[in-house]
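Notes to accompany the following structure.
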Amino acid sequence: MYSKIIGTGSYLPNEAVTNDELAARLAKDGVETSDEWIRSRTGIEQRYLASPNQTSSDLALFAAQNALEMAEVLPSEIDLIIVATTSPDMTFPSTACLLQAKIGADNAAAFDVQAVCSGFVYALTTADAMIRAGQAKKVLVVGSEVFSRMLDWKDRTSCVLFGDGAGAVVLEASEEAGILASRIHSNGRLSSILNVSSSIQGGKVVGNPFMYMDGQAVFKNAVSALGDVAQEVLDAANMSAEQLDWLIPHQANLRIIAATAKRLDFPMEKVVVTVNQHGNTSAASVPLAFDTAVRDGRISKGQTVLVQGVGGGFTWGANLFRF
Ligand code: ACO
């Protein structure tokens, strides 16, 4: 028994903000940046920002509806919803439960996965395991983020990197090969290089409510983690990189993506890149890139795809599947 992806969907908020527009906004607060700096260091040209009243479950709803429509599956047929998010609507209940109500998936269990930018890969791995264990037949997996809410707009080293969005897939139990191999990892000793360290105590936010990132440490660890885990899933599926049709790494930074492709000796023409258009959307980045490439006709049915996540925790992982 396999789990197979039968539909993809995504959603971006209406407000696209180019680097020049962002630089002009930040300049009003005395924060200096430029299109040239952002583009040359990260490959990012623009990002989408959610409106103040939009939440992760709102973005997730549109992405999920698109995926269900492509899969020709009704919300009532879904028996499990997993949402990967680091920017949940509430402390509890989970964003997955809020999505379950909004979409009307009356027969679904629902929970969130918190693995920051690796969240979608963790969620897909969990969904695949649940299907193969016979616990679920049709699963909705969503990555959704309003990451912009956690950014310190006075910290130019981090605020220019991120955007908001959502991506989703529908998985179904199948006798035909779908997900071929998955691997997930963590190293909590690296929690200090990327975090939002605050918590709620006695009704107050205690600690730093903004994202902190040691960019160079993240860069170094991301490149080695992505290279290693790609090789691990290829080995687990008895495949070589040449047999892959597409590589979809976490969309954090074009330089990390290019360094990963180089480590695998994999041509950039077969790497899906959307970070230039979306910025880093954390748990939403991989399903957003996947759905973009499915809908623009690059990825077609029957092709072999390797998706990868890496992020705060430190966490990383990969899934290899036949679409
Ligand atoms: N605009 C203009 N100048 C800037 C900006 C900015 N937005 N940000 C930093 N600078 C300046 C710095 O102040 C510094 O100036 P100085 O030399 O006068 O002190 C100079 O640019 C170089 O700064 P560095 O931090 O050394 O720049 P670096 O080349 O390392 O690039 C970057 C920074 C882009 C963050 C890089 O380290 C990186 O890509 N790291 C990976 C981080 C990442 O992608 N994180 C995503 C989240 S984690 C994840 O998703 C896996």
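Because only heavy atoms are used, hydrogens play no part in the values below, and waters and symmetry mates are left out as well, while side chains stay in. Treat the numbers as computed from the prediction; the structure is a model and nothing was measured. Just so you know, ligand 1 is whichever comes first in the structure, and atom 1 is the first atom listed for that ligand.
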Pairs under 3.5 angstrom only: tabulate donor-acceptor contacts from the side chains of residues 160-178 to other protein residues two or more places apart or in another chain.
residue	atom	partner	partner atom	Å
D164	OD1	F147	N	2.9
D164	OD1	S148	N	2.9
D164	OD1	S148	OG	3.2
D164	OD2	A50	N	2.8
D164	OD2	S148	OG	2.7
E172	OE2	K138	NZ	3.2
S174	OG	E176	N	2.9
S174	OG	E176	O	3.2

Taking [X] for the side chain and [Y] for the main chain, is one N or O donor matched with an acceptor at less than 3.5 Å?
X: S285; Y: T281; result: no
X: T8; Y: A67; result: no
X: Q243; Y: S240; result: yes

So which protein residues pack against ligand 1 under 4.0 Å, heavy atoms counted?
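Only E32, T33, W37, R41, T42, C117, R156, T157, V160, F162, L194, M213, G215, Q216, V218, F219, H250, A252, N253, I256, N280, V310, G311 have heavy atoms that fall under 4.0 Å of ligand 1, ordered by chain and number.
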Who else is in the cluster with M90 when I, L, V, M, F, W and Y are joined by side-chain contacts under 4.5 Å?
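Traced through the cluster, M90 reaches L98.
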Result block: side-chain N/O donor-acceptor pairs under 3.5 angstrom for residues 117-124, not counting sequence neighbours:
residue	atom	partner	partner atom	Å
S118	OG	V310	N	3.4
S118	OG	G311	N	3.4
S118	OG	T315	O	2.9
S118	OG	T315	OG1	2.8
Y122	OH	H185	O	2.7

